[in-house]
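See structure below.
We're numbering straight along the sequence, starting at 1.
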Amino acid sequence: ILAECLGFREKRWAELFDQLDLNKDGRIDILELQTGLAGRGLSSGSVERIVESGDTNHDGVLDFEEFTEYLRTNEKQLKLMFSSLDKNNDGEIDAAEIQLSLRSIGVNISVEDANRILLSMDKDGTRTIDWNEWRDYFLFNSLNNMEDVARYWKHSLILDIGEQLTVPDEFSEEEKKSGYVWRQLMAGAMAGSVSRTGTAPLDRLKVFRQVHGSTHFKGNVLSSFRYMVKEGGVQSLWRGNGINVLKIAPETAIKFTAYEQIKNVMRGGNETTNLRVHERFVAGSLAGAVAQTAIYPMEVLKTRLTLRKTGQYSGIADCAKQIIQREGVTAFYKGYIPNLLGIVPYAGIDLAVYETLKFAWLNRNRGLDPGVMVLVGCGAVSSTCGQLASYPLALIRTRMQAQATEKGAPKPSMLKLFHSIVTQEGVAGLYRGISPNLLKVIPAVSMSYVVYEYTRIVLGVDIEGRKRKKGKKKDG
């Protein structure tokens, strides 16, 4: 029986090798592995690590012997991990065992989340994971401990589309202690800087359309760009981008710190208490409100610098100085109320749509890992839905920020401004400038993801959260 099992396993490996060996030369290179394993959601770093681990003669490819030896070694490790998760030794892993195992490393998840993890691996619909499902799912993922398993299940992505109102990510205690969290947040800030800079012209066009309505821009997107270039040259398309990038780091840091503190208060000091999705949303919204309150003056400066005419301000400091002299310190909080009100619909819909799309994908693709590109797509759609819901408030906020009033002069209220827009421009006026805002979502998400992945690699953590080895093996 043992010989038959071993023979079946060898036959299965031979069939798999033949599928991956696209040019049928008896060897598998990185490109063939990337193509053959594309549906498993593995990053380029993971594929390189497979070749690096199995390539015993250091020729950069895997022959059949190296391939089978890699799988044999990996299956042994996977068997040990499966046995450690199978607490009652019944040959299957259920949701409660997943929850218990993750809790042992400081990752507290709800029963609903444990069931979603289970669903991503459950091929036969039994709501449990047997050895075959476990092995097939992680066959090309090298697992050494529960931290590795948690990272493959959790998929942390920080996608910045210029609207930093999303609910912060969850991190384990181990990740916090190791410094992994701050490396990830730094990668997110770098990705946000590049994506915001790349889409700055569209962002400036959005702000112009929001503030000036249909008075200045009656044409299409192209004619609007021509107007801005004619007034200040091509470089004027990036006005306001400097401070838009500068505010990413403090906002992200404050939001994450506040989120952790608010979660502790909600748990009542009990670290083992799990936050449900709606509780996480409340904590995230409150953390967003704290961060926005702290950096809001930078938001006002960004709007003024974005709208400035050639020669109006010499820089950020000059802009701040002129606002204080002409309008007083309170001008730095113009539009603050609609901004806070906009956090709830944006963050709530963003989180709800993301969870719904991801869960729907898992239901349709039982036993498959969604992979980073599916999650990027879910993030782009959910962010767009969040923007559509909160856009009227964002428009009113921007108009209030842009209004320069003398000290002591009456300031138009949010409701009056809302009534004025609807009366003069109709309901469509509340969505003025949304077209360039929607146009920037796909390029912003794409740039954000690419820079995010490569920055994490540079910082020593790849897309699955693994520490990367420094240096490469030497031949011979």
Side-chain angles (χ1 to χ4, degrees), residues 161-167 196 203-215 240 243-244 247-248 250-251 254-255 258 281-282 284-307 323 327-352 382-405 409-438 440-441:
I161 60 166
E163 314 286 337
Q164 281 268 302
L165 299 173
T166 47
V167 176
R196 289 189 188 196
D203 192 61
R204 185 168 192 241
L205 178 58
K206 174 197 75 174
V207 174
F208 257 96
R209 283 180 172 268
Q210 283 179 331
V211 173
H212 298 302
S214 58
T215 55
I243 195 152
N244 198 27
K247 68 186 178 72
I248 295 173
E251 184 177 6
I254 294 167
K255 187 194 294 178
F281 161 61
V282 171
S285 296
L286 289 172
V290 170
Q292 283 284 297
T293 303
I295 63 100
Y296 196 76
M298 297 177 80
E299 293 276 3
V300 175
L301 284 169
K302 180 245 177 182
T303 299
R304 296 293 180 92
L305 288 165
T306 299
L307 293 167
I323 291 173
E327 304 169 59
V329 178
T330 55
F332 287 110
Y333 280 87
K334 281 182 176 179
Y336 176 72
I337 292 173
N339 185 67
L340 281 189
L341 292 175
I343 289 174
V344 176
Y346 184 98
I349 290 171
D350 186 25
L351 180 65
S382 64
S383 296
T384 302
C385 292
Q387 282 187 70
L388 288 170
S390 62
Y391 194 82
L393 286 164
L395 181 136
I396 290 169
R397 173 203 68 192
T398 306
R399 287 207 182 179
M400 292 177 78
Q401 288 174 341
Q403 286 173 339
T405 52
K411 298 178 179 66
S413 68
M414 179 181 73
L415 292 175
K416 281 184 180 177
L417 198 53
F418 181 86
H419 181 264
S420 172
I421 292 168
V422 173
T423 303
Q424 293 174 23
E425 303 177 51
V427 176
L430 295 171
Y431 285 88
R432 187 77 59 194
I434 198 166
S435 54
N437 208 41
L438 294 177
K440 76 173 186 175
V441 170

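Under a 3.5 Å cut-off, the side chain of Lys334 and the backbone N or O of Gln403 do form a donor-acceptor pair. Using a distance-only test at 3.5 Å, with no hydrogens or angles considered, a donor-acceptor pair links the side chain of Tyr391 to the main chain of Arg432. The backbone N or O of Ala289 sits less than 3.5 Å from a side-chain atom of Thr293, completing a donor-acceptor pair. In this structure, Tyr431 contributes its side chain and Leu395 its backbone to no donor-acceptor pair below 3.5 Å.
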Give the intermediate values and the outcome of side chain to side chain contact (heavy atoms under 4.5 Å, CB included) for residues Met414 and Leu417.
-> CA-CA 5 Å; Met414 179 181 73; Leu417 198 53; 5.9 Å; no
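Ion pairing of Glu425 with Arg399 is present here, as a side-chain N (NZ or NE/NH1/NH2) and a carboxylate O approach within less than 4.0 Å. At a threshold of 4.0 Å, the pair Asp203-Arg196 does not count as salt-bridged, since none of the basic side-chain nitrogens sits closer than that to a carboxylate oxygen.
A distance of 13.0 Å separates CG of Asn244 from CZ of Arg204, quoted to the nearest 0.5 Å.
Defined by atom type and a distance below 3.5 Å, a donor-acceptor pair is missing between the side-chain atoms of Asn339 and Glu299.
Leu286 meets the side chain to side chain contact (heavy atoms under 4.5 Å, CB included) test with Ile262, Val282; sequence neighbours excluded. When the ring-ring contact (aromatic ring centres under 6.0 Å, His included) test is applied to Phe418, no partner is found at least two apart in sequence or on another chain.
In plain terms, the two heavy atoms of Ile295 and Pro250 that are nearest each other are CG2-CB, 4.2 Å.
No side-chain heavy atom of Thr306 sits under 4.5 Å from any side-chain heavy atom of Ile243.
The number of heavy atoms from other shown groups lying within 6.0 Å of CD1 (Ile254) is above 12.
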